[in-house]
Structure formats: C-alpha cells, structure tokens
2 protein chains.
Amino acid sequence: MNIQFKKGVLELCALTLLAKKNRYGYELVNEISKNISISEGTIYPLLRRLKNDGYVTTYLEESKEGAPRKYYQLTETGKKMEKELREEWLIFVKKVNSFLKGGVKNE
Amino acid sequence: MNIQFKKGVLELCALTLLAKKNRYGYELVNEISKNISISEGTIYPLLRRLKNDGYVTTYLEESKEGAPRKYYQLTETGKKMEKELREEWLIFVKKVNSFLKGGVKNE
DNA sequence: TATAAATACCTTGCAATGTATAATACCTTG
DNA sequence: CAAGGTATTATACATTGCAAGGTATTTATA
C-alpha cells in the first residue's frame, strides 16, 4: 500500500476509533491493521503527539494478559479535532476525485 | 488544508493531468491549484522525481509569454503507474471511509 | 532606455510523519 | 527459570510538501 497516502489519515483513524471508546495503544494497532497496514512504531509516536497536543489524556490499567495497558481518552479538544479532520478529509477526497474523473474546473 | 492528506496524492494528480495531455510545470501548478493548494516548490521536485523514476520524459518549447516551457510527457511506465496509483487511491479511500462510518470489520 | 510585472523554471533547508529495529517490561506456562 | 505472547518506548532513517530565495525570458509602462 502506498505509504504516503497514510500520512495524516492515520491520525484521523486513531481519533475516530477513540471517539467511540477509550482504547490502549496495542489495541489501536490491531484495529487499524484490519484495514490499513501499520506497525507499532507508527502508532505509539502518533499517540504521543496526540497527547502532547492535548487531544488525549492517558491512564494505566492492569491486564490479565500481560503488561499494563495505557488507555487513551479523547479530550474535548480531541473530539473537536476529530470532527474537523473528518470534514477536511471528506472535502479533500471530493476534490481529488474531481481530478480523477477528469472534471478540472475552468478548463 | 491539511498538508499530510496531500502526501502521495499530488503525484497522482500530476500523473492524471499528464495522462490527458502533455503539460509544462507551471501549467501543472496552476491546474492543480484550482482544486488543491500547492506551490511551485512542491511540483518541480516532484516532476524531477517522476523523471528520475522513468515515469515521464521532457522536451522544451518556446513560449511567446515568457521563459521557454519544459513539457512533461508520460512514458508507458508512467501510464501504468497512473492507473495503479489511481486504483490504490480508490481502495484506500474506501478503507478509510469504512472507518469513518464506524464499520470496522470484526468488531 | 530603464523599470516593473508576469511567466517559467529551479534549489535549499526545514518540518511532519511513517518505518524498521531494537530494547524494556510484564505475565503465563511448562 | 526459560520461552513466548502482550504492551510500551526509543532511535535512526526516508519520503515528501513548503517557504524562501534565485535565475531567465518576455511584455508593458514610465
């Protein structure tokens, strides 16, 4: 899969999944991997960015299956960001598709 | 507009426009800019990459309106690439949209 | 003639972000 | 206690878009 397509979209995917419920990093990797190939080395730095930017907060919880899990929870800013990014994405896709269909305006 | 969304997509846009007819760099900047904000500093390096990778060939033509124009022409490899990238893009969009609609499989 | 503006091309350094790889740590099972 | 799955983190790297700046040509303006 084209690596470049993913840039910026993974953030949207992560925010979207977190908008439904709190999840831990490893879980996000697995969920996203079902549709888009992705590795751990991608998600964890992304989650740290989201936290640094104030879009999520984190808390630890024990797990019966291994190491403790760090859960990520959207902040209000994060929820707002999720909506904005989603809208931007839909507009962007429309514009690109208008190219593919040969319909460049004013030509 | 989100910069990251553009990654890789601009290449597809350029290839798509070139699939219709040969164009010069400055023209591509203007055409793409009608839909997606883009600067010359993005297109010229991109076109050089396309040439280095064998997707386009170039030739010069005089212009009455300014400096000579460097036209870009798709090679056979370039045409193939355009199709592939287009298909990859459409598949990718579908996958992302399946996230946005909340329909992550196997959940 | 000189100056400005538009056209057209190119280069450099930077920022953002995905990847590969490895290290660390926890827990369960044999 | 060693092995392997679970889970997080860190580092070095590659790609690509952007801003800023530069060059050259033509035409219009002063």
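Only this structure's heavy atoms are used, side chains among them; waters, hydrogens and symmetry mates stay out. Every chain is numbered from 1 and lettered A, B, ... according to where its sequence line falls, protein lines coming before strand lines.
Distance Glu40(B) CD to dA24(D) C1': 14 Å, rounded to the nearest Å. If you measure from atom CD of Glu11(B) to atom P of dC18(D), you get 14 Å, rounded to the nearest angstrom. Atom NZ of Lys7(A) and atom P of dA14(D) are 13 Å apart (whole Å). Atom-to-atom, CD1 of Ile36(B) to C1' of dT16(D) comes out at 15 Å; the value is rounded to the nearest Å. The distance between atom OH of Tyr24(B) and atom C1' of dT25(D), rounded to the nearest whole Å, is 14 Å. Taking atom CZ of residue Phe92(A) and atom P of nucleotide dG17(D), one finds them 10 Å apart after rounding to whole Å. Between the CG atom of Leu10(B) and the P atom of dC18(D) there is a distance of 6 Å, rounded to whole Å. Following rounding to the nearest Å, Gln4(A) (CD) and dC18(D) (P) show an atom-to-atom distance of 13 Å.
Base engagement by Gly41(B) is indicated by at least one non-hydrogen atom pair under 4.0 Å involving a base atom. Using a 4.0 Å heavy-atom distance criterion, Ser37(B) is classed as a sugar-phosphate-only contact. Among the protein residues, Pro45(A) comes within range of no part of the nucleic acid, since none of its heavy atoms lies under 4.0 Å from any strand.
The partner of dG30(C) is dC1(D), judged by Watson-Crick or G-U wobble contacts that both fall below 3.5 Å. With both pairing distances under 3.5 Å, dT6(D) is matched to dA25(C) as a Watson-Crick or G-U wobble pair.
The two residues Cys13(B) and Ile36(B) have their closest heavy-atom pair at SG-CD1, 4.1 Å.
In this model, the phosphate group of dA15(C) is not approached by any side-chain N or O of Arg49(A) to a distance below 4.0 Å at OP1 or OP2. OP1 or OP2 of dT6(D) has not a single side-chain nitrogen or oxygen of Ser63(A) nearer than 4.0 Å. Between Tyr44(B) and dC9(C) there is a side-chain N or O to OP1 or OP2 distance below 4.0 Å. For the OP1/OP2 pair of dT11(C) and a distance below 4.0 Å, the side-chain nitrogens and oxygens of Arg48(B) include at least one atom meeting the criterion. At dT8(D), none of the side-chain N or O atoms of Arg69(A) fall inside 4.0 Å of OP1 or OP2 (strictly under the cut-off).
In terms of polar N and O atoms assigned as donor or acceptor, the side chain of Lys6(A) never comes within less than 3.5 Å of the base of dT17(C) in a complementary pairing.
A salt bridge between Glu82(A) and Arg86(A) is present, with a side-chain N of the basic residue lying under 4.0 Å from a carboxylate O of the acidic one.
From Ile43(A), atom CD1 reaches atom OH of Tyr72(A) across 9.5 Å, with rounding to the nearest 0.5 Å.
Nearer the 5' end of DNA chain C, as judged by each residue's closest nucleotide, is the contact made by Leu46(A), out of Glu62(A) and Leu46(A). Position along DNA chain D of the nearest nucleotide to Gly66(B) versus Pro68(A) favours Pro68(A) as the more 5'-ward residue. A residue-by-residue look at Thr42(B) and Val9(A) shows that Thr42(B) has its nearest nucleotide of DNA chain C further toward the 5' end.
With sequence neighbours excluded, the residues that form a ring pair (Phe, Tyr, Trp, His ring centres under 6.0 Å) with Phe5(B) are Trp89(A), Phe92(A).
Side chain of Lys70(A), nearest nucleotide from dG18(C), dT8(D), dC9(C): dT8(D). The side chain of Ser39(A) approaches dT19(C) more closely than any other nucleotide in the set dT7(C), dA19(D), dT19(C).
A heavy-atom distance below 4.5 Å is found between the side chains of Leu12(A) and Leu100(B).
Note on Val93(A): it clusters hydrophobically with Leu90(B), by side-chain heavy-atom contacts below 4.5 Å among ILVMFWY residues.
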